[in-house]
Amino acid sequence: MTSPTPQTKSAPPLNPQQRAAVEHTEGPLLVFAGAGSGKTFVITQRIAHLVHQRGVAPQQIIALTFTNKAAGEMRERLAAALGPLARGIWISTFHAACTRILRRHHELLGLPQRFVIYDAADQKHLLKQVLRDLKIDATRFPEAAFASRISRLKSDPQAPPPEPAAKPRFGIEQHLAAVAAAYDEALRANGAVDFDDLLRLTVELWESYPAVLETYRETLRYVLVDEYQDTNAMQWRLLDLLCRTHQNLCVVGDDDQSIYRWRGADVGNILEFARHYPKARVITLGENYRSSETILHAASAVVARNRRRQPKELFTGRGPGEKIILFEAYDEEEEASFITAGVRHRREAEGTDYRDIAVFFRTNAQSRVVEDGLRRAGIPYQVVGGLKFYDRKEVKDLLAYVRLLVNPRDDVSLLRIINVPPRGIGAATLQRLTDYAKRARLPLLEAVRHAAHPHLARAEDADLGAAVAGKAARGHLQQFVLLLDELGKMVAEASASETLTAVLRRSGYLESLAKEEDAQAESRRENLNELISAAQDFEQENDGEVDVAAFLDHAALVAHQDVMSDASGVVTLMTLHASKGLEFDTVFMAGMEEGLFPHERSRHTTAELEEERRLCYVGMTRAKNRLLMSWATTRRVGGQRRSSLPSQFLADLPQEDLTEAAVPHRLGGQTAALDRATLADGMPRRKPRASRERRELAYEVEPAAQSGGEASTSDGYRRGMRVRHAIFGVGVVREVSGSGDTLKLSVEFPGAGVKKLMVKYAGLEVVEPRR
DNA sequence: AGTGCTGGACTTTTT
DNA sequence: GTCCAGCACT
């Protein structure tokens with residue numbers, strides 16, 4: 001049983017800890033995988049070992065991840081290591097796996113065969129309706145607050161079903177039970193489940209039907225979980241149910257990288273694994289293959305201050321490398337200048353490619369100032385995160401049509417598209433229809449059908465007449481019903497992409513979009529095309545399997561992070577949360593200030609503060625060779641300027657890992673030592689600041705004098721002229737149209753593309769044309 | 001029915 | 001400073 005593992009061709013040798021993890025195949029195994037310790041490599045090698053050395057059938061293995069990206073990577077690596085055999089392994093996110101299971105056994109839980117998955121936005125819509133029905137003031141108790149509370153309730157397997165409070169409660173608590181119950185009821189009525197339901201209902205299925213559970217236990221003999229530190233209580237229950245008998249559960253994670261506590265993740269799952277499974281073997285992967293010794297040492301020092309963690313010794317053979325550079329800026333503008341200058345310096349002086357540089361921040365709002373700076377300097381960048389593809393309005397609209405076709409009970413989708421594009425079904429009609437639907441306990445679409453064709457309604461529903469008082473309204477409803485019926489026929493026969501195309505054409509959506517001519521409409525059209533291509537891709541991947549419903553699942557479960565194009569050679573900006581799992585040669589961490597990082601709202605309990613500290617650790621350990629951390633002594637928060645102190649995390653950095661070296665900061669064409677920040681007693685000392693005027697010299701383009709001249713009159717714009725916009729920076733005028741108040745310009749901005757601007761509102765500043 | 005205005009909020013967001 | 005939702009206005 002202890003035959004040595006022959007290495008798959010081209011795979012580097014395993015270190016002793018990695019080897020131990022790979023070869024421990026029977027019984028529970030916990031792998032603490034420090035940052036950059038070759039975790040994915042170990043996971044894939046372990047699965048390859050199971051198949052090649054232990055003769056385990058691929059069908060007996062399931063690997064669970066949190067993100068589609070992680071699942072995709074694992075699938076790829078396994079295909080390389082195992083070839084066609086890899087296809088038999090069930091590699092999936094938790095939520096996708098549960099969806100598949102629930103689709104198989106939906107009838108046992110009373111779910112419709114074609115239940116739809118509601119995302120956060122749908123959830124919000126539904127909650128808003130629920131609050132309205134319950135007459136709860138949504139301004140005092142916003143639905144977002146209910147959403148996260150309800151999510152917690154639904155993710156806790158111990159939670160008793162919400163029942164009326166025994167003791168008086170206050171604030172949101174007094175409504176929570178009622179709202180949660182009504183919300184769940186509304187989900188069921190819509191034939192929908194939310195993300196939490198996917199896990200919860202699978203647990204319910206297994207607990208209520210032991211025979212069903214038994215079949216999964218029989219089949220899935222080897223269970224592997226990635227990023228185990230991010231599992232919540234329900235996921236733990238799910239895993240425990242599946243593995244309790246054979247106990248071949250291998251979990252891999254890093255407690256120090258648990259940063260989703262606020263979403264219900266429980267570090268306790270990884271910290272107490274060995275207590276749950278006393279026979280568990282525990283292995284720590286301590287060798288880091290990513291970062292320099294300095295970076296690893298400093299990051300470890302920060303996270304070592306946490307009390308609730310597994311102590312571990314990380315090491316690297318990579319040598320000390322460069323010191324960490326600290327920079328104290330006067331304000332966020334200067335911080336941005338520091339980053340811009342630093343990026344340019346890395347590239348010009350050291351030949352670092354833009355794609356190897358990243359800027360991290362705690363909050364999304366921080367990105368704007370950095371973006372402005374980079375744009376002005378002409379440095380290309382991309383922001384990761386932001387609006388996701390499947391969250392875009394037009395994409396959601398189109399998907400809502402298809403969801404409604406697949407599941408006619410889906411009121412949320414119906415309300416979304418019934419008057420999109422406008423087809424004369426207004427608020428008044430809709431109000432009467434929803435009232436009627438509620439009274440008759442019918443799905444909204446049924447109400448619409450009754451109103452369109454009153455003979456369908458029961459005789460006693462005389463009040464339905466009120467809903468269709470206007471002949472016009474009835475006509476519009478009839479048209480709409482006709483449209484849906486027509487499209488409905490397609491769903492059975494046509495492929496996903498064909499259905500999407502048909503919906504776009506026949507609903508009038510394309511037509512209405514064609515009437516708009518601005519750049520936004522253009523990008524909407526592109527996004528819709530993109531969605532159709534996504535459907536086509538999906539059809540190809542699942543050769544033959546072209547069910548629209550399957551594509552809807554795919555769309556709901558794939559966050560579709562705007563795929564980072566490695567080839568594009570641009571600087572990457574993102575939140576610290578988004579940085580997990582990535583690595584860059586050079587990392588800037590901006591906004592290292594008390595109140596921002598750690599965030600004001602996460603400083604009050606030890607658990608919160610420890611999570612912020614882990615976040616700091618995650619950010620730092622993304623850097624391979626260079627790490628630059630900056631803070632601003634004053635910063636605009638909301639509308640106000642506030643002064644702030646350096647982050648306490650900076651004080652945790654060992655002095656010997658930091659540099660006092662000057663930061664090259666380009667000023668007025670010459671490279672000068674602008675500033676240096678030192679830590680005395682762990683706290684930075686103040687230094688004289690560069691004045692705002694001097695800082696502005698760092699920008700390449702200077703505004704032209706605004707005195708007289710044709711350039712400054714409102715209609716003196718010419719093609720080829722350079723103008724500055726407060727947000728998009730400097731751009732070149734491509735087209736001039738209209739005059740006076742309606743004077744419009746098409747301006748091409750290097751960082752933002754062509755924008756159409758109304759001169760009256762754009763607040764443009766003319767910039768001297770380049771000679 | 002569709003546009004425009006005001007008020008409030010503003011941490012992170014794998015699925 | 002900016003974004004969005006909800007409401008008022010036309």
Side-chain angles (χ1 to χ4, degrees), chain A residues 64-72 92-99 117-121 123-125 128 132 138-140 142-145 147-148 151 155 193-199 226-227 229-232 234-235 257-265 332 360-366 368-369 372 384-388 390-391 393 419-430 472-473 476 553-561 574-582 591 595-603 608 611-612 614-615 618-619 635-641 726-727:
Chain A
L64 293 164
T65 66
F66 279 84
T67 66
N68 294 292
K69 195 175 156 215
S92 161
T93 65
F94 272 98
H95 291 85
C98 288
T99 303
I117 301 166
Y118 274 6
D119 68 11
Q123 216 178 344
K124 223 174 126 188
H125 275 287
K128 201 173 280 179
R132 242 197 323 259
T139 49
R140 276 216 309 148
E143 65 266 17
S148 68
S151 176
S155 302
V193 300
D194 64 18
F195 287 133
D196 297 318
D197 283 331
L198 292 172
L199 304 171
D226 189 19
E227 304 278 17
Q229 77 280 357
D230 288 333
T231 48
N232 66 21
M234 198 61 83
Q235 284 156 332
Q257 294 188 64
S258 169
I259 55 174
Y260 286 105
R261 191 190 91 99
W262 49 278
R263 280 182 103 269
E332 71 274 13
F360 301 159
F361 30 76
R362 177 64 177 81
T363 69
N364 284 309
Q366 285 168 260
R368 221 200 75 240
V369 189
D372 287 349
V384 172
L387 200 54
K388 310 228 170 49
Y390 282 103
D391 286 342
K393 181 183 175 304
N419 204 30
V420 177
R423 48 172 74 90
I425 304 173
T429 309
L430 224 42
H476 294 143
D553 278 354
H554 174 76
L557 295 170
V558 172
H560 197 111
Q561 298 121 311
M574 64 180 108
T575 64
L576 285 156
H577 281 90
S579 77
K580 198 173 80 163
L582 304 175
L596 187 57
F597 188 37
H599 198 275
E600 185 57 43
R601 297 195 180 182
S602 300
R603 291 199 300 178
E608 285 173 334
E611 175 139 316
E612 295 283 299
R614 291 191 290 265
L615 195 53
V618 166
R635 180 178 295 273
R636 233 178 19 233
V637 181
Q640 276 146 1
R641 183 154 291 287
I727 292 163

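Side chains included, hydrogens not; waters and symmetry mates left out as well; all remaining heavy atoms used. Every chain is numbered from 1, with letters handed out A, B, ... down the list of sequences.
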Novice: In whole Å, I'd like the distance from the CD atom of E611(A) to the P atom of dT13(B).
Specialist: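 In whole Å, dT13(B) P lies 12 Å from E611(A) CD.
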Novice: Quote, to the nearest angstrom, the P distance that separates dT13(B) from dC4(C).
Specialist: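 Looking at atom P only, dT13(B) and dC4(C) are 16 Å apart.
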Novice: Once each nucleotide of nucleotides 5-10 of chain C is scored for protein heavy atoms under 4.0 Å, what B/S/- sequence comes out, 5' to 3'?
Specialist: SS----
Novice: Could you tell me the separation between the OH atom of Y260(A) and the C1' atom of dT15(B), rounded to a whole number of Å?
Specialist: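 Value for this atom pair: 11 Å.
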Novice: Could one point to a donor on the side chain of R263(A) or the base of dT15(B) with an acceptor on the other under 3.5 Å away?
Specialist: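 For R263(A), whose side chain was compared with the base of dT15(B), there is a donor-acceptor pair (under 3.5 Å).
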Novice: Under the side chain to side chain donor-acceptor pair (under 3.5 Å) rule, collect the residues that match up with K124(A), sequence neighbours excluded.
Specialist: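 Per chain and number, K124(A) pairs via side chain to side chain donor-acceptor pair (under 3.5 Å) with no residue.
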Novice: Mind checking side-chain contact (heavy atoms from CB on, under 4.5 Å) for S155(A) and listing every partner two or more places apart, or none if nothing turns up?
Specialist: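 For S155(A), the residues satisfying side-chain contact (heavy atoms from CB on, under 4.5 Å) (neighbours in sequence not counted) are S151(A), D196(A), N232(A).
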Novice: List for me each residue that meets side chain to side chain donor-acceptor pair (under 3.5 Å) alongside T363(A), sequence neighbours excluded, and say none if there are none.
Specialist: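 Expected list: Q366(A).
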Novice: What is the distance from CD of Q366(A) to P of dT2(C), rounded to the nearest Å?
Specialist: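 Computing the Q366(A):CD to dT2(C):P distance gives 16 Å.
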Novice: What pairs with R636(A) under side chain to side chain donor-acceptor pair (under 3.5 Å), at least two apart in sequence or on another chain?
Specialist: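 Listed in chain order: nothing, the list is empty.
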Novice: Among dT15(B), dT13(B), dT14(B), which nucleotide has an atom closest to any side-chain atom of N68(A)?
Specialist: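 Selected nucleotide: dT15(B).
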Novice: Can you tell me how far P of dT13(B) sits from CZ of F94(A), to the nearest Å?
Specialist: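 Roughly 21 Å, once rounded to whole Å.
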Novice: Can you tell which of dT15(B), dG1(C), dT14(B) lies closest to the side chain of F66(A)?
Specialist: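 Nearest nucleotide to the side chain: dT14(B).
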Novice: Rounded to whole angstrom units, what separation is found between the CZ atom of R635(A) and the P atom of dG1(C)?
Specialist: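 Answer to the nearest Å: 16 Å.
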Novice: Checking A145(A) now: which residues fulfil side-chain contact (heavy atoms from CB on, under 4.5 Å) with it, not counting sequence neighbours?
Specialist: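 By the side-chain contact (heavy atoms from CB on, under 4.5 Å) rule, A145(A) matches P142(A), I172(A).
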Novice: With sequence neighbours left out, what residues match K128(A) under side chain to side chain donor-acceptor pair (under 3.5 Å)?
Specialist: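 For K128(A) there are no side chain to side chain donor-acceptor pair (under 3.5 Å) partners, ignoring immediate neighbours.
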Novice: Would you kindly compare I425(A) and K580(A) by the position of their nearest DNA chain B nucleotide and give the one closer to the 5′ end?
Specialist: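 Result: I425(A).
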Novice: Quickly work out the R261(A) CZ to dT14(B) C1' distance and round it to whole Å.
Specialist: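 About 18 Å, once rounded to whole Å.
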Novice: H125(A) NE2 to dC4(C) P: how many Å, rounded?
Specialist: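 To the nearest whole Å, that distance equals 13 Å.
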Novice: Grab the N/O contacts between the protein and nucleotides 2-11 of chain B below 3.5 Å, and write none if there aren't any.
Specialist:
residue, atom, partner, partner atom, Å
dT11(B), OP1, R601(A), NH1, 2.4
dT11(B), OP1, R601(A), NH2, 3.2
dT11(B), OP2, R601(A), NH2, 3.4
dT11(B), O4', H599(A), NE2, 3.1
dT11(B), O2, R362(A), NH1, 3.1
dT11(B), O2, R362(A), NH2, 2.3
dT11(B), N3, S602(A), OG, 3.3

Novice: By side-chain contact (heavy atoms from CB on, under 4.5 Å), which residues pair with V618(A), not counting sequence neighbours?
Specialist: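 Partners of V618(A) under the side-chain contact (heavy atoms from CB on, under 4.5 Å) test: Q257(A), I259(A), S579(A), K580(A), R622(A).
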